[in-house]
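Inspection log for the structure reproduced underneath, given as structure tokens.
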2 protein chains.
Amino acid sequence: MISLKDLKKKVKENGYKLTPQRKAILKVLIGHNKHFISAEDILKETIKIYPNLNITTIYRNLEILEDINMLHKTKDNNTALYCLICEESHHHHIICKICGKTEIIDFCPLKKFSDLVKEKNFILTDHKIELYGYCEDCKKDLNP
Amino acid sequence: MISLKDLKKKVKENGYKLTPQRKAILKVLIGHNKHFISAEDILKETIKIYPNLNITTIYRNLEILEDINMLHKTKDNNTALYCLICEESHHHHIICKICGKTEIIDFCPLKKFSDLVKEKNFILTDHKIELYGYCEDCKKDLNP
DNA sequence: TTGTAAATGCAAATAATTTGCAATTAGGAG
DNA sequence: CTCCTAATTGCAAATTATTTGCATTTACAA
Ligand SMILES: [Mn+2]
Ligand SMILES: [Mn+2]
Ligand SMILES: [Zn+2]
Ligand SMILES: [Zn+2]
């Protein structure tokens with residue numbers, strides 16, 4: 001389980017200051033561990049801890065956290081969603097379409113694609129693989 | 001090879017009128033067959049055919065074409081990209097990061113995920129799999 | 001304790017996409 | 001062919017997520 005202490009340490013190690021705003025953001029992110037959440041929703045939570053916190057500060061910090069590899073970012077419809085990175089090795093996610101809960105899918109099928117990609121004379125550099133569905137809790141509430 | 005005639009037919013079959021604007025858009029899309037292209041770039045091409053065509057009309061038509069399953073839509077950074085659907089069966093794409101060229105990857109590894117997803121107690125409903133890289137032409141121009 | 005670069009808040013700018021509305025038009029009915 | 005009407009379009013304005021400029025504040029190393 002990832003700890004707030006570890007997160008703060010990693011931020012400092014990367015040369016960033018530990019402002020109360022930043023700490024509040026980290027606290028909220030860890031409170032939503034394994035859940036994708038939007039900048040706006042992060043704001044709603046952080047202002048409970050640090051009332052004057054501005055959305056600009058949220059965005060600037062999310063960018064930093066992404067840069068130092070502490071955050072996953074994904075764009076579903078038009079708004080970006082963020083989720084703390086808790087594992088170190090390459091993996092993918094299944095994301096609940098209702099609550100944003102995410103679980104690590106510790107498998108990547110990239111090798112299966114390599115021959116097909118070569119056939120098309122492409123050089124493969126990146127890939128985006130995301131699974132979507134309903135988590136244990138949310139599937140209960142689904143209309144039958 | 002997909003033909004303009006077929007595209008027009010499908011549009012009519014779905015109850016939409018064949019306006020010159022719509023025809024121009026289809027023509028441009030077919031000219032970029034197998035390439036993802038943005039609304040703005042579609043506009044640049046269409047105004048050569050129909051000079052007064054408005055970006056709003058582009059967006060409205062792209063939405064219609066997507067609705068009737070004639071267009072793939074993907075969102076890379078902040079702008080949506082579109083590509084005519086030319087095959088009927090489920091597949092994925094490799095997309096050139098430079099020119100937008102796309103090739104069909106006629107393979108889906110979804111089954112490989114199903115056990116892992118079940119383990120996490122999720123119901124799997126959707127998935128997004130996209131490969132990115134450089135196409136045959138563009139890889140030549142790459143800095144060494 | 002102090003100096004300074006980093007960080008923040010606020011307001012304004014961006015940029016892609018959407019919407020409201022009045023004017024135009026495609027194409028079926030007569 | 002002519003007429004009618006719902007569909008479509010163009011234009012301007014709204015929306016919305018995100019970014020930027022800038023003056024002010026602050027963390028923290030020395
Ligand atoms: Mn992860
Ligand atoms: Mn396709
Ligand atoms: Zn859920
Ligand atoms: Zn290319």
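Since this is a predicted model, take the numbers as computed values, not measurements.
A:H93 has its side chain out of reach of A:E103: every pair of non-hydrogen atoms, C-beta onward, lies at least 4.5 Å apart. Taking the side chain as every heavy atom from C-beta outward, A:H92 and A:I104 never approach each other to under 4.5 Å. When side chains are defined from C-beta on, B:L4 counts as touching B:L26, because their heavy atoms get closer than 4.5 Å.
B:N78 places its CG atom 14 Å from the P atom of C:dT18, with the value rounded to the nearest Å. Protein atom CD1 of A:I55 is 8 Å distant from nucleotide atom P of D:dT18, rounded to whole Å. Protein atom CD1 of A:I64 is 14 Å distant from nucleotide atom C1' of D:dT19, rounded to whole Å. One can place OH of B:Y82 at 5 Å from P of C:dT17, the figure rounded to the nearest angstrom. Summarising the geometry, the separation between CG on A:L53 and C1' on D:dT26 is reported as 14 Å, rounded to the nearest angstrom. The separation between A:I37 atom CD1 and D:dA17 atom C1' is 16 Å, rounded to whole Å. For the pair A:Y59 OH and D:dG21 P, the computed distance is 18 Å after rounding to whole Å. Rounded to a whole Å, the CD atom of A:E63 is 13 Å from the P atom of C:dT8.
In the region residues 42-52 of chain A, proximity to DNA chain D at under 4.0 angstrom, judged on heavy atoms, holds for none of the residues. Of the residues in residues 13-24 of chain B, those lying under 4.0 Å from DNA chain D by heavy-atom distance are B:Y16, B:K17, B:T19, B:Q21, B:R22.
A:Y16 is linked by a ring-ring contact (aromatic ring centres under 6.0 Å, His included) to nothing, counting only residues two or more places apart in sequence or in another chain. The salt bridge (charged side-chain N to carboxylate O under 4.0 Å, His left out) test applied to B:K9 returns B:E13, not counting sequence neighbours. Residues that satisfy the salt bridge (charged side-chain N to carboxylate O under 4.0 Å, His left out) test with A:K118, not counting sequence neighbours, are absent from this structure.
A close approach under 4.0 Å does not occur between any side-chain nitrogen or oxygen of A:T79 and OP1 or OP2 of D:dA17.
The side chain of A:K12 sits closest to D:dC28 out of D:dC28, C:dA16, C:dG9.
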message = Applying side chain to side chain contact (heavy atoms under 4.5 Å, CB included) to B:F122 and A:E136, what does each step give before you reach the verdict?
response = CA-CA 6 Å; B:F122 266 70; A:E136 201 169 3; over 6 Å; no
inquiry  = Checking A:K23 against A:L18 for the side chain to side chain contact (heavy atoms under 4.5 Å, CB included) test, could you report, in this order, the C-alpha distance in whole Å, the side-chain angles of both residues, the deciding distance, and whether it holds?
reply    = CA-CA 7 Å; A:K23 285 185 223 166; A:L18 269 184; 4.1 Å; yes
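Axis angle, first five pairs versus last five pairs of the helix from C:dT1-D:dA30 to C:dG30-D:dC1: 30°, rounded to 10°.
As judged by a 4.0 angstrom heavy-atom cut-off over every strand, B:T56 is placed among the base-contacting residues.
Using a 4.0 Å cut-off between charged nitrogen and carboxylate oxygen, B:E130 and B:K128 do not count as a salt-bridge pair.
Of all non-hydrogen atoms in A:H72 and A:L84, the two that sit nearest each other are CD2-O, 4.1 Å.
For B:K75, the NZ atom sits in a packed shell: over 12 heavy atoms of surrounding residues, nucleotides or ligands are nearer than 6.0 Å.
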